[in-house]
Enquirer: 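Structure in structure tokens, see below.
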Protein chains: 2
Amino acid sequence: MEGRGIATRAGNGDDIALGILDDLAGYHLRRASSVFANDFARALAGTGMRQVLFGILSIIAANPRINQGNVGRALGIQRANMVSLVNELVDRDLVLREVAADDRRAFSLTLTPAGRKIVAQCVKLIEAHEARLLADLSAKERTALIAMLSRIEAKEA
Amino acid sequence: MEGRGIATRAGNGDDIALGILDDLAGYHLRRASSVFANDFARALAGTGMRQVLFGILSIIAANPRINQGNVGRALGIQRANMVSLVNELVDRDLVLREVAADDRRAFSLTLTPAGRKIVAQCVKLIEAHEARLLADLSAKERTALIAMLSRIEAKEA
DNA sequence: TATTGTTATACTCTATAACTATA
DNA sequence: TATAGTTATAGAGTATAACAATA
């Protein structure tokens, strides 16, 4: 079965058969996701932003005064790992961290003006980056792609 | 614009707006890919296999006597990082590493009988794992998904 | 000179367990 | 007792630079 023998691009012009990998959605998700991650890093190099950090800022932008734990839950980031990520954003004055009014254990997170500014800046760069990588897909296909990915996400254990 | 305000599953039943993230293919690729990676680990826990290692075995299966550098190039793995990965596979007697006949700098990699056996074993588990995660997609959709992901992979820098 | 594999190193991401302070 | 955040730590994955052997 690995003998389908269809040689595919190795990403560098060589022709190396992938074997069964070539039929696995998991493999292609991994590679496509990595292409996006690399291009994201390149596109946003000037801003010092990473995918995770932008994700956190986006959630906070859409949910002012959200608490830290809920941001992590929305993004699948462990409590323990949120700490240094939020520290980074607070240290860079992009996020305001306050003790939550209703629960003194929790932190309420809000974007600072600088945070809102960098998000707007990133959104422009990210839109160009997405347009570049999705150039070979029609509008309908992009919508269908995101819809299928969402259905896969829903399978999360 | 982050104010679309459409609350989406946070993966845990909560309802937290994702903001602009929800419209980004890059974000959904990241999450869907992570769902696949986690489920892969769970499904293959017994075998001691990981996504990268299985990828390497699959390439070697499809290209007996392929050299180490080409395996890395096909999978986007740096030369330097291939070393310990191949060591693992050789130590577990899944891969035979020989000095290449035509180029004494290079190593030629081939599956051992144990390697072929574990690949066959993993393929069964992986097919069940893929069927589970893609259960909500029709056969046509699965084909379309992989085709779109391949077009994205081709954008690799 | 260029390439194959190697070593050393560092950074990010992720995962777990144990702690504190509140609830 | 349970939860929010923290600390410490460890394992993967990934990236770069410098080296030896061979081409």
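Below, chains carry the letters A, B, ... as their sequence lines are ordered, and counting in each starts from 1. Atoms considered below: every heavy atom in the structure, side chains included; atoms not considered: hydrogens, waters and symmetry mates.
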Enquirer: Along nucleotides 14-23 of chain C, 5' to 3', which nucleotides get a B, which get an S, and which get a -, given that the test is a protein heavy-atom distance under 4.0 Å?
Expert: BBBB---BBS
Enquirer: In whole Å, I'd like the distance from the CE atom of B:M82 to the P atom of C:dT6.
Expert: 10 Å
Enquirer: Evaluate the criterion salt bridge (Lys or Arg N to Asp or Glu O under 4.0 Å) for residue pair A:E88 and A:R50; output intermediate values, then yes/no.
Expert: CA-CA 11 Å; A:E88 253 188 273; A:R50 279 168 283 149; 2.4 Å; yes
Enquirer: What is the separation between atom CG on B:N87 and atom P on C:dT6, rounded to the nearest whole Å?
Expert: 7 Å
Enquirer: For a quick test of your reading: what N or O donor-acceptor pairs under 3.5 Å do the side chains of residues 74-82 of chain B make, sequence neighbours left out?
Expert:
none

Enquirer: State whether the number of non-hydrogen atoms from other residues, nucleotides or ligands found under 6.0 Å of B:R97 atom CZ is greater than 12.
Expert: yes
Enquirer: Going by an N to O cut-off under 4.0 Å, is there a salt bridge joining A:D39 and B:K155?
Expert: no
Enquirer: Do the side chains of A:V123 and A:L125 join up, straight or via other hydrophobic residues, at under 4.5 Å, putting them in one cluster?
Expert: yes
Enquirer: Out of D:dA4, D:dG13, C:dG5, which has the shortest distance to the side chain of B:L85?
Expert: D:dG13
Enquirer: Short of 4.0 Å, heavy atom to strand atom, which residues of residues 39-51 of chain B count as contacting DNA chain C?
Expert: none
Enquirer: Using a cut-off of 6.0 Å, state whether more than 12 heavy atoms not belonging to A:R132 lie near its atom CZ.
Expert: yes
Enquirer: Are B:E130 and B:R142 within salt-bridge range, i.e. N to O under 4.0 Å?
Expert: no
Enquirer: What is the distance from CD of A:Q68 to P of D:dT3, rounded to the nearest Å?
Expert: 17 Å
Enquirer: Check the distance between C:dT6's P and B:N67's CG and give it to me in whole angstrom.
Expert: 12 Å
Enquirer: Quick check against the 3.5 Å criterion: does A:N63 have a side-chain atom that pairs as donor or acceptor with the backbone of A:I59?
Expert: yes
